[in-house]
There are 2 protein chains.
Amino acid sequence: MTMTKKITINDVAQAAGVSVSTVSLVLSGKGRISSATGERVNQAIEHLGFVRNRQAASLRGGHSGVIGLIVSDLRAPFYAELTAGITARLESQGRMVFLIQSAGEADRLLPRLEMLISQGVDGVIIAGSLAHGTELRQAADRSGIPVVFACRASYLDEVDLIRPDNMQAAQILTEQLIQRGHQRIAWLGGQSASLTRAERVGGYCATLLKFGLPFHSEWVVECESSQKQAAEAVGILLRQNPTISAILCYNSVVAMGAWFGLLRAGKHGDESGIERYFEQQVALAAFADVPERALDDIPISWVITPAKEMGESLAERIMQRIENNACELRNHIMSPRLVTKN
Amino acid sequence: MTMTKKITINDVAQAAGVSVSTVSLVLSGKGRISSATGERVNQAIEHLGFVRNRQAASLRGGHSGVIGLIVSDLRAPFYAELTAGITARLESQGRMVFLIQSAGEADRLLPRLEMLISQGVDGVIIAGSLAHGTELRQAADRSGIPVVFACRASYLDEVDLIRPDNMQAAQILTEQLIQRGHQRIAWLGGQSASLTRAERVGGYCATLLKFGLPFHSEWVVECESSQKQAAEAVGILLRQNPTISAILCYNSVVAMGAWFGLLRAGKHGDESGIERYFEQQVALAAFADVPERALDDIPISWVITPAKEMGESLAERIMQRIENNACELRNHIMSPRLVTKN
DNA sequence: ATGAAAGCGCTAACAG
DNA sequence: CTGTTAGCGCTTTCAT
């Protein structure tokens, strides 16, 4: 360990032959500093290897330039993408993101938020569980720190929130199938407890009715997000309801599974008839969080939740709130993007 | 906005009828404080809703309790798991993790490290790209902040590093296949530029030789991590080398693809002969980063890189380094875990 | 067992 | 344009 003595703006000031306040002004680029002095100071900084202590800066100045981000589950591609969007936008503005995983434990959210606040963040973005949204917002308000929320479904009053339009996504997908001539459209995947799924199923159902098409509750099947289960489920579904001509898949894994299921069903069904039917006529459509390479391998059209754009919006929003905390809360809903093959 | 005036230990001290230093001692649990006063102070804290300003604490005391973590790609399950392990261990010790994504841009690593340091972290963990390892360590040394590295393959001198034993993992897998009677074992997946792959292939190759088994370079095939490509590759491989009886897969996606490829090959091959051969005799083994549900669906044995444990070790290591920065650097290699189906 | 006082490194008025 | 000065909120000797 070399353990060089810590270098402060005092050292820089001395080396550059100016006062500390001049150094400070150069650092923050605020004051009207002659380019000559500015140059001299920068050289001293460079030469001494000075790194500014932001804790002190923040303690004194009140702004840290850091945004706290609490994410429920970084492993989910949706949140990973969201985080990427947030980080990119914020870093381009010279800010830094202090990320913490909440591992979905909604009850430990408050202490984590307080941690963040006590670290001096300028604002907080909470993505995922909104379990105690209002409560959290109040806690933050108390310390004068703005909070913005993001989630995949549902909404809360009295908080600043950005979320995807799940219903519209389902409508787009369903309409697209209808326009391609499909009349008997089924739903596969997701757990009925999921709010995201509920919203999507809602959009699917509404669109069917809007076009005067049949909706059968047996055509909406739950299924875990595993290829195997999806493959099996699709086999059963089609055997029991052979007239179904299109399937809406809850996510990309289910879609992949459904695709293999169609292949397999084709293989094991009685020859030519069923096989040709499945392979050629059952269309697939799906929801995805990010552009997925896996989906390129199968004939399918899908919608993408604009996770990255959501992240960027969140970044913008929190910065607005920091600059003008008084501005009113809003609920911003983001449209999906349709991807079709040829 | 309620914008309550900021509450400091002065307010708490006043409310509790003690001095600020007493409050400080209670906060850090250090001094010998009578339980009566302690109680009184805690009540005041509770009552006023005081949250301690850690920036000030850190500025004065020199310790922030925060560890910076730079991760190359959080979307990769390996790093997500690693992060989870790190966070869990560190938080259980009352520390906090300041996570930042580096998006794999090795050149922006240094500024990010400096950012972290200027935020007052007590230590830094860098996971992923070790491109400029030594350089980064020196930069950190200069400010007296310990750094620990983690990666999936390769190593660097002069840094504290934890990594998985890829070679051993390959040995375990290969030996297991050999003990199950396989003699002609192929390799599928990964890009030849990957160091991780190189290490694994090395272990596979070494084990074959050790048991006096044949190694053919045509049996080692590259393949993108997509099910489709893997399925096709496995078909070609087996058609050209029908005697192969087992395949080592670079990761779980390749394994899934290989599995479907075996099924398909069985279907399209000339009846009974090839089909039974493929379905019953070609064994699959794979490398995985985390316990993958997808692998439960196919007959396979696999090894898991102990990502979570690696995270925990990293956490331990950085804490040791913080407490005793002088302790010598080490290279810690972690063993994989084998998972077999009965 | 508790209090008084001296800063940590920096920014923000205010002077010049 | 640049220097002086007074703290930001907290920890930490050193007294008591």
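Numbered from 1 within each chain, the chains take letters A, B, ... in sequence-line order. Please read these numbers as outputs of a predicted model, since none were measured by experiment.
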Solution key, residues 36-43 of chain A side-chain donor-acceptor pairs under 3.5 Å, sequence neighbours excluded:
unit_1: A:T37; atom_1: OG1; unit_2: A:S34; atom_2: O; d: 3.3
unit_1: A:T37; atom_1: OG1; unit_2: A:S34; atom_2: OG; d: 2.3
unit_1: A:R40; atom_1: NH1; unit_2: A:A16; atom_2: O; d: 2.6
unit_1: A:N42; atom_1: ND2; unit_2: A:G38; atom_2: O; d: 3.2

Using a 4.0 Å cut-off on heavy atoms, which residues in residues 40-57 of chain A reach DNA chain C? List them by number, or say none.
A:F50, A:R52, A:N53, A:A56, A:A57

Per B:T37 side chain, nearest of listed nucleotides D:dG3, C:dT2, D:dG9
C:dT2

Checking B:H332 now: which residues fulfil side-chain contact (heavy atoms from CB on, under 4.5 Å) with it, not counting sequence neighbours?
B:I162, B:S313, B:M334

Extract all donor-acceptor atom pairs below 3.5 Å that involve side chains of residues 48-56 of chain B and protein atoms in other chains or at least two apart in sequence.
unit_1: B:N53; atom_1: OD1; unit_2: B:Q55; atom_2: N; d: 2.8
unit_1: B:N53; atom_1: OD1; unit_2: B:A56; atom_2: N; d: 3.1
unit_1: B:Q55; atom_1: NE2; unit_2: A:S58; atom_2: OG; d: 2.4

Please identify each residue that fulfils side-chain hydrogen bond (donor to acceptor under 3.5 Å, both in side chains) with A:S335, with sequence neighbours left out.
A:Q168

Nearest-angstrom distance from the residue atom CD1 of B:I9 to C1' of D:dC8:
12 Å

How long is the line joining CG of A:N10 and P of C:dT11, in whole Å?
11 Å

Can you name the residues that form a side-chain hydrogen bond (donor to acceptor under 3.5 Å, both in side chains) with B:N10, not counting sequence neighbours?
B:T8

What is the nucleic acid contact for B:S58, judged by heavy atoms within less than 4.0 Å: base, sugar-phosphate only, or nothing?
nothing

Could you pull out the protein-nucleic contacts involving nucleotides 12-16 of chain D (nitrogen or oxygen on both sides, under 3.5 Å)?
unit_1: D:dT12; atom_1: OP2; unit_2: B:K30; atom_2: NZ; d: 3.3

Report the residues that fulfil side-chain contact (heavy atoms from CB on, under 4.5 Å) with B:Q93, sequence neighbours left out, ordered by chain and then residue number.
B:M319

Between the axis at one end of the helix from C:dA1-D:dT16 to C:dG16-D:dC1 and the axis at the other (five pairs apiece), what's the angle to 10 degrees?
30°

For the pair made of CD in B:E39 and C1' in C:dA1, what is the distance, rounded to whole Å?
17 Å

Please list all pairs passing the salt bridge (charged side-chain N to carboxylate O under 4.0 Å, His left out) test where one or both residues lie in residues 82-97 of chain A, with sequence neighbours left out.
A:R89-A:E316, A:E91-B:R112, A:R95-A:D122

Would you kindly give the CG-to-C1' distance between A:L59 and C:dA12, to the nearest whole Å?
13 Å

The side-chain hydrogen bond (donor to acceptor under 3.5 Å, both in side chains) partners of A:R152 (sequence neighbours excluded) come to A:D289

Count the heavy atoms of every other residue, nucleotide or ligand shown that sit under 6.0 Å from CD of A:E309, and state whether that count exceeds 12.
yes

For a quick test of reading the model: is some side-chain N or O of B:S19 closer than 4.0 Å to OP1 or OP2 of C:dG3?
yes

Does B:V23 reach a base, just sugar-phosphate, or nothing at all? Heavy atoms under 4.0 Å.
nothing

For a quick check under 3.5 Å, do A:S21 and A:S24 share a side-chain donor-acceptor pair by atom type?
no

If a pair satisfies ring-ring contact (aromatic ring centres under 6.0 Å, His included) and one of its residues is in residues 82-101 of chain B, list it, with sequence neighbours excluded.
A:F98-B:F98

Can you tell me the distance, in whole Å, between the CG atom of B:L27 and the C1' atom of D:dG9?
11 Å

